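Let me begin by presenting the structure, written as structure tokens, before commenting on it.
In this text, all values refer to a predicted model and were calculated from it rather than measured experimentally.
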Amino acid sequence: MINITINGKKYKVNEGTTVLQACQENGIDIPTLCYDDRLEPDSSCRLCVVEVEGRKNLMTSCSLKVEEGMKIETHSEKVVKARKDVLDLLFSNHPNDCLNCGKSGECKLQNYCYEYDVKKDSYKGEKRKLPIDDSNHFYHYDPNKCVLCGKCVRICGELQGSSAIALGERGFRTSVSSGIGDSTCASCGNCVSACPVGALMPKSKEKARVWETKSTLTTCPYCGVGCQLELMTKGNTVVDSKPAKGPSNNGLVCVKGKFGYPFINHPDRLKTPLIKEKGKFREASWDEAFNLIVSKIKEIKEKHGSNALGGFTSARCTNEENYLFQKLFRAVIGTNNIDHCARLCHSSTVSGLATTLGSGAMTNSINEVLDTDVIFIIGSNTSENHPVIATKMKQANKKGAKIIVADPRRIELADKADVFLQLKPGTNIALLNGMMNYIIENELYDKDYIDKRTENFEEVKEVVRDYTPEKVAEVCGVDKDDIIKAARIYAESDKAGIYYAMGITQHTSGTNMVMAVSNLALMCGNIGKENAGVNPLRGQNNVQGACDMGGLPSDLPGYQKVFKEEIADKFEKAWGVSLPREVGMTMAEILENAKLLYIMGENPMISDPDINHVKHALEKLDFLIVQDIFLTETAEFADVVLPAASFAEKDGTFTNTERRVQRVRRAIESIGDSKPDWQILIEIMNRLGYTKRYRNVSEVMDEIASLTPQYGGISYDRIETEGLQWPCLDKDHPGTKYLYKDAIARGRGLFFPVHHVGSAETADSEYPYILTTGRVLYQYHTRTMTGRVEKLNEKVPESYIEISEITANKLGIKDGEFVKVTSRRGTIDVKAKVTDIVEEGVVFIPFHFAEGAANYLTNPKIDSAAKIPELKVAAVKIEKIS
């Protein structure tokens, strides 16, 4: 700490801080236009000038570091005159149409002119008459209102990593240009959020001035990053979404977080319960719907037993709702037949990492990527699936971190990679074993770490002996020198993190692939180390929380096994019931065998493999209950549809991919007669005879904490301002930034030898191409939400198949033509997208769309351990539609 004087008052401040930071920390306001605390000071706007004793010229406070004994005046006559001159110059060139500007009331130029009494353009400057750039789908740029602070350009380049925009031209014609609508622009809108004036404005249908709106801090409902948002509401309508500075996103969001909110107030929202009679839905009261549901549950349970009922809980719903859903089925109905979409995405992570490390979660934190040495991305299209994490990877790369990418497609981050391995789908184990072979042969592994913290190394050493880079190169279809280079980069680094997603998990050998990832990390001592680790990236906003809360057939909350007597006894005592000890059925097994199915927030008619089989399974159910915010493709098959509230209409928590439990807050009242899921579940439980009630969701979290060791220290009071990462064992525990610092959960890290085994289907003469599937940036999961956002649909309106130029030429297919794609399970017609990012023999279809649904084609064959289907590899044929 050092001593300084500001405006005649003495302060102690941290050495190394700037004058601006020192003033802000002590409640002294200094105007800025170009400053952003996430960026290095630019000092271009000159509004933050201060007077420092002993210095002739005024100094910019954003870049000036404090010194012992420094005496500063922030609002002296000289300082105020300088600021007024700057504002006057800006105002003289400005359109000055504040009454018609959507930024009025929150425009910094307007507010500062009012504060400093700048009422007219003294300089009578020429007004710019440059054309408005309207090329972006989501926002427009008015260069005539731009004050050239440069914040948008710097955020795009330094934080977002896109460099899609720049200051172009010179002098009076200078403006932000070169790429507002360019392909490198990801439409994240972070430039729009940072703009201090009305130059960058969203193309919103809802018009609202800042004084008409209310702001609510909440958590984004899209991917697993857990970005913090401010939802801006006018009346009962969400009119804007702004990034907030959460620990995971630091004020950044993606296009969905910024512009993907219109689904909340969409006219298609379910507003009242629906009951199907004679094949058609009619509106019903809640009382009628509840009575029907309860009677059917009792009837089928009495006739067929508890195990004839099953439920799909939801990665989109809150922790509290997932907890209550599994409690309904276990404590009230009496079955462990509970599952959810993690079965389709990361069940192999749970089983694989639980075996080798003791816990199936991301070992490290999102922000740790910023200070890592090596980023190994395998089976994850991070830029499109977890865009904010990708921005941090790009920031780390600028700081010197090396990047390795292994993927069947040339994803965006491949362009920044030191090594790009475009491997054949399904060959991840061969690649990882090949890297380990080289590391062992050249003694690059961490001998001391292996001796002290692991077991079974010799067995893995023996298995990978045959996986020479030469052999692996042939299996994977990559260059052996690239395998060697990747192995050396990873092994020779001090801190290396592996980041993977469904390109690793969605295979019949998915669990083994996860264990191969773990083997590599253990071999080089990257488990239990900051800025390193094994980091599965969760796809949906609360898929981690849904697993944590017991949305799995074998696990009570906190991954406590249903068949362990001491665990079951604990829950029985707390809940006042008898619990089943048998492991329940998985999603596929429930679909095959259940008589009654209750689906909360899932849409298996789009998300599950072999949709024709899913359709048949839903049709043969005795009774189907679907609870959702829209009438989804799955809800069309329901006997009763219950209208749920969206994330914006309820309180609760989500747990993001880095194990951080964060608040979700109600911003508006429920749409129509919809209800929050937790209230619906409690009502059904009560009507089935379980009498416990909860006054609010905070009480549900308190119950979760009392029964779930990892959540033992979580309470709403503690996470009111910032979330906590589990394990958080008690009220004094600070949460856990990264796992296994002192000890691996299972005691020692387990090396588990695994062999490469071919996928369940391979290309042959009848089906000569391998189909792989995935997500795209502008759509989300089954489009229940993004399908109701007009601007997102304009960007990617329909399904398509990526085909290599060689394949297209061979089949006589032109870009944009429709083709017929057929697998052993079904056929779809879809538009061809001829591209160079997939190789000959491999095609890609995004799975989001109901029309041209990829999952009519995908393979339901499952991993024997995790029961996850092989969504990433299916053999298909392609025919040109004449």
Side-chain angles (χ1 to χ4, degrees), residues 216-219 224 226 228 244-249 317-324 326-327 331 358-368 528 530 538 541-542 544-551 555-561 564 566-576 650-666 678 682 692-745:
T216 302
L217 180 65
T218 192
T219 303
Q228 295 299 282
K245 282 192 176 178
S248 306
N249 65 312
C317 293
T318 65
N319 286 319
E320 295 77 5
E321 290 161 344
N322 280 286
Y323 174 83
L324 289 172
Q326 63 85 35
K327 185 176 180 181
S359 175
M362 188 169 169
T363 62
N364 292 64
S365 299
I366 291 169
N367 284 322
E368 290 177 52
E530 193 171 7
R538 303 290 184 158
N541 55 301
N542 200 34
Q544 181 66 58
C547 292
D548 296 346
M549 292 301 106
D555 296 347
L556 284 151
Y559 307 96
Q560 300 174 88
K561 298 303 177 184
K564 290 192 173 181
E566 67 276 17
I567 298 299
D569 288 346
K570 178 177 76 168
F571 279 88
E572 285 180 339
K573 184 177 179 181
W575 291 348
K650 60 189 175 187
D651 293 306
T653 58
F654 294 153
T655 303
N656 76 345
T657 191
E658 63 176 357
R659 300 167 279 105
R660 188 181 298 277
V661 185
Q662 300 183 111
R663 282 297 311 276
V664 177
R665 295 178 176 87
R666 187 176 67 179
W678 68 274
I682 290 169
K692 177 163 178 134
R693 292 186 175 272
Y694 302 85
R695 290 172 296 179
N696 51 54
V697 284
S698 178
E699 289 188 351
V700 182
M701 177 52 74
D702 292 341
E703 184 173 313
I704 292 167
S706 72
L707 291 167
T708 312
Q710 299 96 318
Y711 282 66
I714 305 289
S715 69
Y716 277 27
D717 288 342
R718 291 197 69 194
I719 60 172
E720 184 60 31
T721 55
E722 186 172 299
L724 287 166
Q725 290 170 273
W726 68 256
C728 180
L729 303 179
D730 56 57
K731 62 182 178 63
D732 298 316
H733 196 286
T736 306
K737 183 178 181 181
Y738 62 97
L739 300 178
Y740 318 131
K741 178 181 179 181
D742 299 317
I744 290 171

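Between R660 and L724 the shortest side-chain heavy-atom distance does not fall below 4.5 Å. Counting heavy atoms from C-beta outward, Y694 and M701 have side chains that stay 4.5 Å or more apart. For the pair T318/F654, a side-chain contact is recorded, criterion being any heavy-atom separation below 4.5 Å from C-beta on. Counting heavy atoms from C-beta on, the side chains of E321 and L324 never come closer than 4.5 Å. Residues Q544 and W726 have side chains in contact (heavy-atom distance under 4.5 Å, counting atoms from C-beta outward).
Around the NZ atom of K564, the shell of radius 6.0 Å holds no more than 12 heavy atoms that belong to other residues, nucleotides or ligands. Other residues, nucleotides and ligands contribute over 12 non-hydrogen atoms within 6.0 Å of the NZ atom of K561.
Here the shortest heavy-atom pairing between W575 and Q326 reads CH2-NE2, 3.7 Å. Closest approach of L707 to Q560, counting heavy atoms only: O-NE2, 2.9 Å. Of all heavy-atom pairs spanning R538 and G360, the tightest one is NH2-O, 2.8 Å.
With sequence neighbours excluded, no residue satisfies side chain to side chain donor-acceptor pair (under 3.5 Å) with N249. The ring-ring contact (aromatic ring centres under 6.0 Å, His included) search around Y559 returns none, not counting sequence neighbours. Taking R666 as the reference, nothing meets the side chain to side chain donor-acceptor pair (under 3.5 Å) condition, with sequence neighbours excluded.
Not a single donor-acceptor pair under 3.5 Å links the side chain of T219 to the backbone N or O of G226. When atom types are taken as modelled, the side chain of N322 and the backbone of G550 share no donor-acceptor pair closer than 3.5 angstrom. E658 contributes a side-chain N or O that, together with a main-chain N or O of I366, makes up a donor-acceptor pair within less than 3.5 Å. Panel note: side chain Q662, backbone G723; no donor-acceptor pair is recorded below 3.5 Å. Panel note: side chain D555, backbone G558; no donor-acceptor pair is recorded below 3.5 Å. No donor-acceptor pair closer than 3.5 Å links the side chain of T653 to the backbone N or O of R663.
T655 and N319 are linked by a side-chain donor-acceptor pair at a separation below 3.5 angstrom, with hydrogens and angles left out of the test. At a cut-off of 3.5 Å, with distance as the only test, a side-chain donor of E703 or Y323 sits close to an acceptor on the other residue.
Salt-bridge annotation for K327 and E320: absent, with no side-chain N of the basic residue lying under 4.0 Å from a carboxylate O of the acidic one.
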Discussion item. One pair to check against side chain to side chain donor-acceptor pair (under 3.5 Å): S248 and Q228. What are the steps and the verdict?
Written reply: CA-CA 8 Å; S248 306; Q228 295 299 282; over 6 Å; no
